[in-house]
Amino acid sequence: MNPKKPLEPTRREWTKAAGMAAAGVAAAGTLESCSQPARLQAWAPVSIYRAASYSEELYGLVRRIIAEHALDVRGKRVVLKPNLVEFDAHTVINTNPKLVHAALEAFRAAGAADVRIAEGPGHRRVTLDLADAGGYFATVPNFESLFTDLNLDETTKVDFVRPLSKLKSLYLPNTVLGCDLLVSMPKLKTHHWAGATLSMKNLFGVVPGGVYGWPKNVLHWAGIPHCIADLHALFPKTFAIVDGIVGMEGNGPIQGTPRTAGVVVAGTSPVSVDATCCRIMGLDPARIGYLQLTAGVQNLGEELIPQHGERIDSVATNFALLPELAGLRLSR
Amino acid sequence: MLYSEDLLGRQNADGGWSYFRGGSWTEPTCYALLALAASGTGHAAEVRRGMSWLQRCQRADGGFAPRESVQESTWVTALTLLLPPDTQGFDRRRAEAWTVDQTGRESGWVFRLRLWMLGADSSGESMSFDGWPWYPGAAAWVGPTALSVLALQKLAKRGEPANRSDLKKRIDQGVGYLLARRCHDGGWNHGSTRSLGYDSDSYPETTGLALLALHGVDDPKVTEGLARGEQQLAVCPSSEGVSWLRMGLGAHGRARLTPAAGIAGDGAKAPAAPRGVMEIALAALADSAHAGKNPFLDL
């Protein structure tokens with residue numbers, strides 16, 4: 001998909017690192033392993049662009065991002081995976097449909113053979129009603145024909161090779177297993193359990209409720225950060241576009257407060273995108289469990305993540321944290 | 001009648017039903033069969049084909065998989081027990097035994113010992129009752145608990161259970177679980193009523209389902225739940241939500257609105273027309289309940 005992609009750990013490298021990490025969970029409140037992945041030279045670059053609102057300018061912005069990362073999607077099947085959780089008119093829980101539609105148009109313009117929108121919400125069973133309430137029907141023409149409810153999709157059993165979590169396998173939707181590029185499109189939010197919910201945590205939505213229920217509670221019992229890391233390993237062909245125009249702070253991912261950050265963050269490495277988003281929210285990525293497990297603390301340094309567009313410190317805004325998560329605050 | 005024709009037109013070649021399109025799943029197949037049985041118009045051949053497909057999803061442990069290709073029995077087993085006896089062709093005793101045996105993982109002594117060792121409070125009301133999980137090994141939630149209670153109540157009403165005291169105990173536990181998992185606004189959501197000190201709101205579909213399972217329960221909490229359900233019904237834009245609320249309220253003698261009268265209140269968006277098999281079947285079941293025969297309770 002991206003021949004120039006530099007130094008994102010390959011699945012084999014990740015599996016090796018994951019196996020080592022699974023051997024032990026370290027002290028000092030981290031999920032570091034005794035032997036972390038080898039130190040990287042650099043991650044794939046991350047784009048940080050200002051976007052003041054959900055305006056028509058997003059259409060040009062996403063096209064620019066696709067070109068900047070040299071994504072060749074000609075003739076490919078692309079699946080856009082927004083974050084649809086619940087709807088509350090008083091706050092901003094879900095990925096804004098305008099950004100998703102901008103991505104749909106941009107990937108079509110880039111020559112993708114098929115672009116679908118797909119999601120499997122974790123609490124509400126009637127996904128189309130949730131999407132309607134969230135403005136998807138009003139914003140995306142022919143939304144229903146473009147949408148796949150991942151909770152109810154055809155599934156295939158996938159075995160984890162060396163899982164970090166307690167799971168040995170998962171049934172997963174064929175729509176995401178069969179695509180050439182999965183585009184994870186989360187909202188920039190704090191999360192009351194995981195610290196932050198971004199492009200990697202967004203993959204919980206691919207686990208089918210039709211098999212595991214609403215919520216997908218097997219993931220909680222198997223270890224949230226560990227399952228995030230395992231799902232990340234299963235989908236190496238993932239591009240991340242984060243809706244940070246208006247995010248959520250405090251008691252995210254559902255009951256928090258809207259917080260304007262005015263950014264769109266994107267890249268071919270979900271790890272580096274999520275680490276960058278953490279810094280933008282004022283969280284230390286090295287203290288986020290799933291990032292520790294996936295990359296190793298020593299590989300999460302800001303200097304290892306090349307950036308296009310804005311500098312982190314020019315767009316960073318400290319998101320409010322629950323008292324329980326105060327220890328995640330980044331020292332600037 | 002129209003719903004029945006729609007359902008028959010959506011039956012897969014293998015005899016089962018999908019949610020929208022594609023392969024057959026146990027859940028929509030059970031609701032479609034229940035709706036066809038409630039329609040009272042026969043369709044014996046189609047029902048036989050549906051039952052034949054359903055039999056293939058029963059696993060060696062007695063439970064049912066959510067679809068043929070999944071090698072795990074889940075909460076959908078309770079749905080098969082809701083089907084009328086004359087439409088069944090599977091091992092009901094083993095399905096019943098599997099359902100009775102299921103509890104949320106938080107009910108286990110290992111988990112409670114762990115909470116005790118961590119100094120956490122496990123004595124709260126919400127932790128005092130054994131509900132049912134969606135998937136074995138996970139915690140109990142409102143949806144599968146309500147459906148399992150309905151299934152076991154139906155078995156008890158028919159005088160079928162192999163072990164009546166065990167069945168009654170589980171029904172009582174399930175009812176207790178539902179009463180304990182009510183949201184601050186009086187209704188029910190998926191089962192998480194409060195997190196990190198913040199209250200969660202209820203949903204129309206789970207409020208309707210919980211009220212249905214709590215039919216005949218005389219408790220102030222149910223009265224408050226009914227009031228919340230009526231509020232939700234007045235503004236619910238979801239076909240599935242409306243159907244569950246109609247059945248839940250109707251089970252307590254509180255449903256007064258017919259679908260033809262229009263359900264949305266002032267300024268509210270009218271509920272969407274039923275789209276997939278679930279919504280069509282549930283609309284048919286709600287109509288049947290409104291006409292005096294609630295298939296979850298009476299068939």
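Computation of the quantities below employed the complete heavy-atom set of this structure, encompassing side-chain atoms and omitting hydrogens, waters and symmetry-equivalent molecules. Everything numeric here is computed off the predicted structure, so don't read it as measured data. So that the names make sense, note that chain A is the first sequence line, chain B the second, and so on, each numbered from 1.
With chain A as partner, the option from Gly143(B), Gly241(B), Pro28(B), Ser200(B) having the largest number of non-hydrogen pairs under 4.5 angstrom is Ser200(B). If you tally non-hydrogen atom pairs under 4.5 Å between each of Glu27(B), Arg67(B), Glu240(B), Arg21(B) and chain A, the highest count goes to Arg67(B).
At a 4.5 Å heavy-atom cutoff, Thr156(A) makes no contact with chain B through either its backbone or its side chain. Of the two parts of Ser239(B), only the backbone, made up of N, CA, C and O, holds a non-hydrogen atom closer than 4.5 Å to a non-hydrogen atom of chain A. Only the side chain of Phe137(A) comes within contact range of chain B, judged by heavy atoms closer than 4.5 Å.
Within a 6.0 Å radius of CG in Asn142(A), other residues, nucleotides and ligands contribute 12 heavy atoms or fewer.
The aromatic rings of Tyr212(A) and Tyr135(B) sit tilted relative to each other, their planes meeting at an angle between 30° and 60°.
In this structure, Trp134(B) contributes its side chain and Trp214(A) its backbone to a donor-acceptor pair below 3.5 Å. Side-chain N or O atoms of Glu154(A) include one that pairs as donor or acceptor with a backbone N or O of Gly23(B) at under 3.5 Å. Checked by atom type and distance alone, the side chain of Asn217(A) never pairs as donor or acceptor with a backbone atom of Ala138(B) at under 3.5 Å. Between the side chain of Tyr171(A) and the backbone N or O of Gln71(B), at least one donor-acceptor pair lies under 3.5 Å. Side-chain atoms of Gln255(A) come within 3.5 Å of backbone atoms of Asp199(B) as a donor-acceptor pair (strictly under, hydrogens ignored).
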Criterion salt bridge (charged side-chain N to carboxylate O under 4.0 Å, His left out) on Lys157(A) and Glu72(B), from CA distance to verdict: CA-CA 11 Å; Lys157(A) 188 179 183 183; Glu72(B) 185 74 54; over 6 Å; no
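Between Gly210(A) and Pro66(B), the shortest heavy-atom contact is O-CB, 3.5 Å. Of all non-hydrogen atoms in Asn151(A) and Trp25(B), the two that sit nearest each other are O-CH2, 4.3 Å. Closest non-hydrogen pair, Thr74(B) versus Val211(A), comes out as CG2-O, 4.0 Å.
Using a 4.5 Å cut-off on side-chain heavy atoms (C-beta onward), Arg124(A) and His190(B) make no contact. Between Asp129(A) and Arg275(B), the closest side-chain pair of non-hydrogen atoms falls below 4.5 Å. The closest side-chain heavy-atom distance from Tyr203(B) to Arg125(A) is not below 4.5 Å.
Partner Ser238(B) forms a side-chain contact (heavy atoms from CB on, under 4.5 Å) with one of Leu128(A), Leu130(A), Val126(A) and no other, that one being Val126(A).
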